[in-house]
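Below is one structure; the comments refer to it alone.
So that the names make sense, note that chain A is the first sequence line, chain B the second, and so on, each numbered from 1. Predicted model only: the values in this text are computed from it and were never measured.
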Number of protein chains: 2
Amino acid sequence: MIEDKSTEQRIIEAAKQVFIEKGYDGARMQEIADLAGINKAMLHYYFRSKDKLFFTIFDDIFSRFMPAVQKGFTSNMSVEEKIKFFINSYITLLQSNPYIPLFILHELSRNPEELKTHIHDKVTSNFKIFQEQMQLEINQGLIKPIDFRQIVTNIIALCVFPFVARPLLQEVFSSDNESFDKFIEARKTIVPDLILNWIKM
Amino acid sequence: MIEDKSTEQRIIEAAKQVFIEKGYDGARMQEIADLAGINKAMLHYYFRSKDKLFFTIFDDIFSRFMPAVQKGFTSNMSVEEKIKFFINSYITLLQSNPYIPLFILHELSRNPEELKTHIHDKVTSNFKIFQEQMQLEINQGLIKPIDFRQIVTNIIALCVFPFVARPLLQEVFSSDNESFDKFIEARKTIVPDLILNWIKM
DNA sequence: AAAAATATTAACTATTTGGTTAAATCATAT
DNA sequence: ATATGATTTAACCAAATAGTTAATATTTTT
């Protein structure tokens with residue numbers, strides 16, 4: 001049970017845990033209340049409905065997670081340095097938050113229309129700068145002329161996928177948790193290798 | 001509503017549709033019955049419980065989907081040819097079944113212990129042959145000595161991720177369905193490029 | 001200290017949901 | 001034709017679940 005902190009904060013933390021683990025449909029208000037150590041009526045006192053609580057939690061998770069991902073892109077490094085830096089910090093972030101991507105992807109696919117409005121303003125801006133910088137280096141002949149979207153997608157895919165597919169991969173490769181963690185750690189050098197080898201002239 | 005075919009087959013098809021779209025927790029027996037055009041009691045007459053129906057559907061989906069993925073690996077092509085062939089047919093398969101991967105990944109993460117037993121025998125075998133062949137080509141100095149698991153993971157990641165992250169990617173890249181389909185189509189050459197460029201000596 | 005506002009609880013409600021039952025219908029074999 | 005077994009239906013049930021209410025306790029304001 002979550003102790004100390006304000007009731008509202010305890011509800012939010014409990015709700016995050018339960019929603020991330022079970023998803024919206026699998027989450028139970030009673031379980032959230034129990035985890036927060038309060039009465040179920042308190043959830044409605046503070047958040048009115050399961051829907052309202054969920055959107056609060058989703059927005060909170062999403063707006064904490066996406067900027068953390070994108071912020072590396074505003075520094076004054078070269079494209080190559082940025083990619084290396086990004087992949088390393090992104091995988092590190094995922095190591096501490098392994099269940100967030102699948103949660104976001106699943107909820108987004110369950111209810112795309114409604115959730116799109118929740119994410120719209122949080123995703124577009126940060127990539128622009130990086131896109132322009134890449135175009136510059138392409139013009140200079142430093143990197144190959146590849147569709148920007150494909151590069152971003154590949155980087156994210158290679159970072160995120162092992163976390164969303166962990167149970168399947170562990171089963172396929174018969175690996176225990178320890179060796180899987182090593183497998184992930186190794187990707188901090190493998191993924192930049194793969195990407196840079198591909199885009200560099 | 002699904003017509004013709006035996007009742008059992010109609011239930012299975014309806015259940016597939018609903019479970020894939022909504023997930024186990026979001027699926028309703030009534031919705032499956034309606035879609036199959038039958039009484040709700042029939043679901044229980046044929047499958048006893050939601051759990052039993054779900055496992056039937058899951059096993060069916062999983063055992064149709066995984067072998068289709070792996071079978072390309074038993075031919076007598078070179079590693080390079082196999083990779084090209086695999087990526088192409090895998091992405092094509094995903095274009096016709098775009099929602100299956102997220103369904104499998106979500107259910108596997110919701111209930112890993114129980115579902116692991118359902119998939120165990122269906123995943124391990126087919127990769128072995130490919131792994132040995134790769135080791136051979138590594139020894140011959142044709143391809144770089146890279147952890148086999150990393151190669152497989154990267155290939156699958158690059159194929160699957162755009163499908164599981166589609167709503168997010170479309171939002172980030174502001175792309176309509178048509179341009180997203182083109183984006184996917186382009187990956188049939190981009191992904192082999194990326195992988196082969198990386199592993200070839 | 002009294003009043004007012006805020007927070008908390010226990011008990012309750014309405015609805016949804018997976019599952020059951022018993023009767024009716026249909027198909028098949030004798 | 002008729003008895004037998006399989007299939008289908010409508011009505012029902014019990015448990016679970018989101019949400020409510022009204023009374024009580026606590027904190028804050030005056």
[X] has a side chain; which of [options] sits nearest to it?
| X | options | value |
| --- | --- | --- |
| A:Thr7 | D:dA10, C:dG19, C:dT8 | C:dT8 |
| B:Tyr45 | C:dG19, D:dA6, C:dT20 | D:dA6 |
| A:Lys50 | D:dG19, C:dG18, C:dA10 | D:dG19 |
| A:Ala41 | C:dT21, C:dT17, C:dA10 | C:dA10 |
| B:Asn39 | D:dA18, C:dG18, D:dT9 | D:dT9 |
| A:Met29 | D:dA18, C:dG18, C:dT9 | D:dA18 |

Under 4.0 angstrom, heavy atoms only, what part of the nucleic acid is [X] near: base, sugar-phosphate, or nothing?
| X | answer |
| --- | --- |
| A:Met42 | base |
| B:Tyr46 | sugar-phosphate |
| A:Ala27 | sugar-phosphate |

Separation of atom [atom1] in [X] from atom [atom2] in [N], rounded to whole Å:
| X | N | atom1 | atom2 | result |
| --- | --- | --- | --- | --- |
| B:Lys40 | C:dT20 | NZ | P | 10 Å |
| A:Asp34 | C:dT9 | CG | P | 12 Å |
| B:Glu31 | C:dT16 | CD | C1' | 14 Å |
| B:Ile11 | D:dT9 | CD1 | C1' | 14 Å |
| B:Gln30 | C:dG19 | CD | C1' | 12 Å |
| A:Asp25 | C:dT16 | CG | C1' | 13 Å |
| B:His44 | D:dA10 | NE2 | C1' | 15 Å |
| B:Leu43 | C:dT17 | CG | P | 14 Å |

Inset, instruction - Respond yes when some side-chain nitrogen or oxygen of A:Arg28 is under 4.0 Å from OP1 or OP2 of D:dA18, and no when none is. - result: yes

Inset, instruction - Please check if the side chain of B:Asn197 supplies one atom and the backbone of A:Asn197 the other of a donor-acceptor pair under 3.5 Å. - result: yes

Inset, instruction - Flag this pair as yes if the NZ/CZ of A:Arg110 is under 6.0 angstrom from the six-membered ring centre of A:Phe58 and inside a 45 degree cone about the axis; otherwise no. - result: no

Legend entry - Neighbour count above 12 (heavy atom, 6.0 Å) for A:Asn76 CG: no

Legend entry - Test: B:Asp60 and B:Lys16 ion pair at under 4.0 Å: yes

Legend entry - Ring centre gap for A:Phe180 and A:Phe183 strictly below 6.0 Å: yes

